[in-house]
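Single-structure report; data block below.
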Amino acid sequence: MTERFLSTSQQLETATEHLKQMLTEATTIETTLGTVEQQRQIVADVQSNMQEHLQSVQQLMSELSSYSQVLGEQMQHHVTQQTELKTHSAVLESRISSLQQTVRAGEQSS
């Protein structure tokens, strides 16, 4: 009977140790699941922030494209104006030269 009692006692002790180990492992699993959930939330937040950032970048790129188009049009307008000014300048130079020749010719004939 004593042997049987010792055997049963050892079995209970072994079972108790297994239960303790299972509880420890369950606690570890619970902690790990909490950490995984926190990391999942961090990833979700980062993903949301990234999406907002990309939308902002896309908006800025669209605005830059518009500004670039307007700037190109303004530059073309200025080039056209410069060409017109050069043409008018050449015409004025020609007229001034003609007037100077007329004045000289008038002075020489006097």
Side-chain angles (χ1 to χ4, degrees):
M1 180 93 142
T2 305
E3 288 179 23
R4 191 171 177 194
F5 177 74
L6 286 175
S7 175
T8 303
S9 176
Q10 286 175 342
Q11 288 176 353
L12 282 172
E13 211 174 289
T14 303
T16 302
E17 288 300 319
H18 284 300
L19 282 174
K20 284 181 184 177
Q21 185 177 358
M22 287 174 62
L23 284 173
T24 301
E25 290 172 357
T27 302
T28 302
I29 289 171
E30 183 180 17
T31 302
T32 302
L33 286 174
T35 301
V36 167
E37 177 58 26
Q38 288 174 344
Q39 291 175 348
R40 186 200 66 75
Q41 186 60 46
I42 289 169
V43 167
D45 291 344
V46 168
Q47 187 177 19
S48 175
N49 291 341
M50 234 170 73
Q51 188 173 12
E52 289 175 18
H53 179 69
L54 288 174
Q55 287 173 345
S56 294
V57 168
Q58 187 177 18
Q59 177 66 29
L60 288 172
M61 293 297 288
S62 176
E63 289 175 15
L64 283 173
S65 177
S66 296
Y67 292 143
S68 175
Q69 184 177 357
V70 169
L71 182 60
E73 290 170 0
Q74 288 176 347
M75 287 176 68
Q76 183 59 45
H77 178 72
H78 290 305
V79 166
T80 302
Q81 284 181 332
Q82 282 182 331
T83 304
E84 289 173 0
L85 285 172
K86 285 180 183 178
T87 302
H88 291 307
S89 176
V91 168
L92 288 174
E93 280 183 41
S94 173
R95 288 183 181 171
I96 289 170
S97 178
S98 177
L99 283 172
Q100 286 175 337
Q101 288 175 357
T102 304
V103 168
R104 285 185 199 133
E107 287 174 352
Q108 289 176 358
S109 61
S110 309

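Atoms CG and CG, from Leu64 and Leu71 in turn, are 11.5 Å apart once rounded to the nearest 0.5 Å. Rounding to the nearest 0.5 Å places CD of Gln69 at 6.5 Å from OG of Ser66. With values rounded to the nearest 0.5 angstrom, Ser89 atom OG is found 12.5 Å from Gln82 atom CD. In this structure, CG in Leu99 is found 9.5 Å from CZ in Arg95, a value given to the nearest 0.5 Å. Atoms CD1 and OG1, from Ile29 and Thr24 in turn, are 11.0 Å apart once rounded to the nearest 0.5 Å.
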Go through Arg40 and Glu37 one step at a time and tell me if the side-chain contact (heavy atoms from CB on, under 4.5 Å) criterion holds.
CA-CA 5 Å; Arg40 186 200 66 75; Glu37 177 58 26; 2.8 Å; yes
For the pair Gln59 and Glu63, evaluate side-chain hydrogen bond (donor to acceptor under 3.5 Å, both in side chains) and give the outcome as yes or no after the intermediate values.
CA-CA 6 Å; Gln59 177 66 29; Glu63 289 175 15; 3.1 Å; yes
Show, in sequence, the C-alpha distance, side-chain angles and deciding distance for His77 and Glu73, and conclude whether the side-chain hydrogen bond (donor to acceptor under 3.5 Å, both in side chains) test is met.
CA-CA 6 Å; His77 178 72; Glu73 290 170 0; over 6 Å; no
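Looking at Ser97, its side chain never comes within 3.5 Å of a backbone N or O of Glu93 through a donor-acceptor pair. The main-chain N or O of Gln10 is found under 3.5 Å from a side-chain atom of Thr14 such that the two form a donor-acceptor pair. In this structure a side-chain-to-backbone donor-acceptor pair under 3.5 Å is missing from Ser98 to Ser94. For the pair Thr32 (side chain) and Thr28 (backbone), a donor-acceptor distance under 3.5 Å is present.
Crowding of Glu30 atom CD: a count of heavy atoms from other residues, nucleotides or ligands under 6.0 Å not exceeding 12. Sparse packing is recorded around CD of Gln58, with 12 or fewer heavy atoms of other residues, nucleotides or ligands lying under 6.0 Å away. Around CD of Glu13, the count of heavy atoms belonging to other residues, nucleotides or ligands within 6.0 Å does not exceed 12. Dense packing is recorded around CD of Gln100, with more than 12 heavy atoms of other residues, nucleotides or ligands lying under 6.0 Å away.
Between the side chains of Glu84 and His88, no donor N or O sits under 3.5 Å from an acceptor N or O.
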